[in-house]
Amino acid sequence: MKITVKNSGVIKLTTKKHPRHGHLFVAEAARHIPFLIRRIYFINNIKKYSCRRGNHAHKKLKQAMFCLNGSFVLSLDDGRKKQKLILKNPETGVILGPRLWHSMSKFSKHCVILVLASNYYKESDYIRDYNDFLEITKRK
Ligand code: T46
């Protein structure tokens with residue numbers, strides 16, 4: 001996976017794979033994940049595969065996103081460049097840095113998304129208007 005937008009990046013977890021006993025994935029804060037983790041959340045039970053989640057950017061929050069099961073399309077936009085990625089491998093995560101517009105769509109059956117976040121939930125950190133987002137990215 002190659003990421004070309006700004007404020008993002010690929011994370012490769014350490015994995016211990018056993019052919020019969022299963023796969024184990026390790027994410028250590030400040031090692032695999034380039035920030036201290038204050039919150040985790042996960043999304044499952046998506047019934048409408050064609051829905052779109054996200055569709056916003058954050059002002060300061062840093063996040064790392066993983067697809068633990070199934071697959072989905074992650075669309076990224078740094079205000080200049082746009083990129084679509086298919087997340088389907090739990091070993092490979094994506095950094096969602098500040099000022100990166102992101103949305104998730106095209107969910108598969110049994111899709112499970114895990115997100116590690118650098119801070120607690122704060123509505124004032126969201127940029128929900130795309131024109132505001134473009135203004136902010138122009139200033140930076
Ligand atoms: C993001 C993408 C990738 C909370 O109360 N606490 C939380 O920690 C979170 C994440 C959400 N909520 C509430 C806020 C809404 O009332 O849960 C509801 C659904 O959240 P939202 O519509 O923001 O869900 P997504 O999937 O559109 O966005 C989420 C994160 O909120 C967001 O930070 O970057 O996943």
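Only heavy atoms go into these numbers, but all of them, side chains included; no hydrogens, no water, no symmetry mates. Note that ligands are numbered from 1 as they come in the structure, with each ligand's atoms numbered from 1 the same way.
- There is a protein heavy atom closer than 4.0 angstrom to atom 12 (N) of ligand 1.
- Counting protein heavy atoms only, atom 33 (O) of ligand 1 is closest to H58 NE2, 2.7 Å.
- Protein heavy atom in closest approach to atom 30 (C) of ligand 1: Y41 OH, 3.2 Å.
- Residues I113 and M65 are in side-chain contact: their nearest non-hydrogen atoms beyond the backbone lie under 4.5 Å apart.
- Near H102, meaning under 4.0 Å from any of its heavy atoms, are these atoms of ligand 1: 1 (C), 2 (C), 3 (C), 34 (O).
- At a heavy-atom distance under 4.0 Å, only side-chain atoms of Y126, from C-beta outward, approach ligand 1.
- The shortest non-hydrogen separation linking M1 to V10 is O-CG2, 3.6 Å.
- With a 4.0 Å heavy-atom cut-off, ligand 1 is reached by the side chain of M104 but not by its N, CA, C or O.
- Between H23 and F25, the two ring planes are perpendicular [angle over 60°; tilted spans 30° to 60°].
- The M65 neighbourhood of ligand 1 comprises atoms 3 (C), with distances under 4.0 Å to a heavy atom of that residue.
- When only modelled atom types and interatomic distance are considered, T14 and H32 share a side-chain donor-acceptor pair under 3.5 Å.
- Under the 4.0 Å distance rule, the nearest protein heavy atom to atom 18 (C) of ligand 1 falls outside the cut-off.
- Nearest residue to atom 25 (P) of ligand 1 from A57, G54, C51 is G54 (criterion: closest heavy atom).
- Under the 4.0 angstrom criterion for non-hydrogen atoms, E123 is not in contact with ligand 1.
- For ligand 1, one of its N or O atoms has an N or O atom of R39 under 3.5 Å away.
- In this structure a side-chain-to-backbone donor-acceptor pair under 3.5 Å is present from S118 to K62.
- The closest protein non-hydrogen atom to atom 6 (N) of ligand 1 is Y121 CG, 3.4 Å.
- Remark: the backbone N or O of P98 is paired with a side-chain donor or acceptor of N7 at under 3.5 angstrom.
- For an aromatic pair to be called close, the ring centres must be under 6.0 Å apart, and Y121 with Y126 satisfies this.
- Residue I43 touches ligand 1 through its side chain alone, judged by heavy-atom distances below 4.0 Å.
- The nearest non-hydrogen atom to atom 28 (O) of ligand 1, considering only R53, H56, Q63, comes from H56.
- Aromatic ring orientation, W101 versus F133: tilted (interplanar angle from 30° to 60°).
- Applying the salt bridge (Lys or Arg N to Asp or Glu O under 4.0 Å) test to pairs two or more places apart or on separate chains, those with a residue in residues 91-109 are K17-E91.
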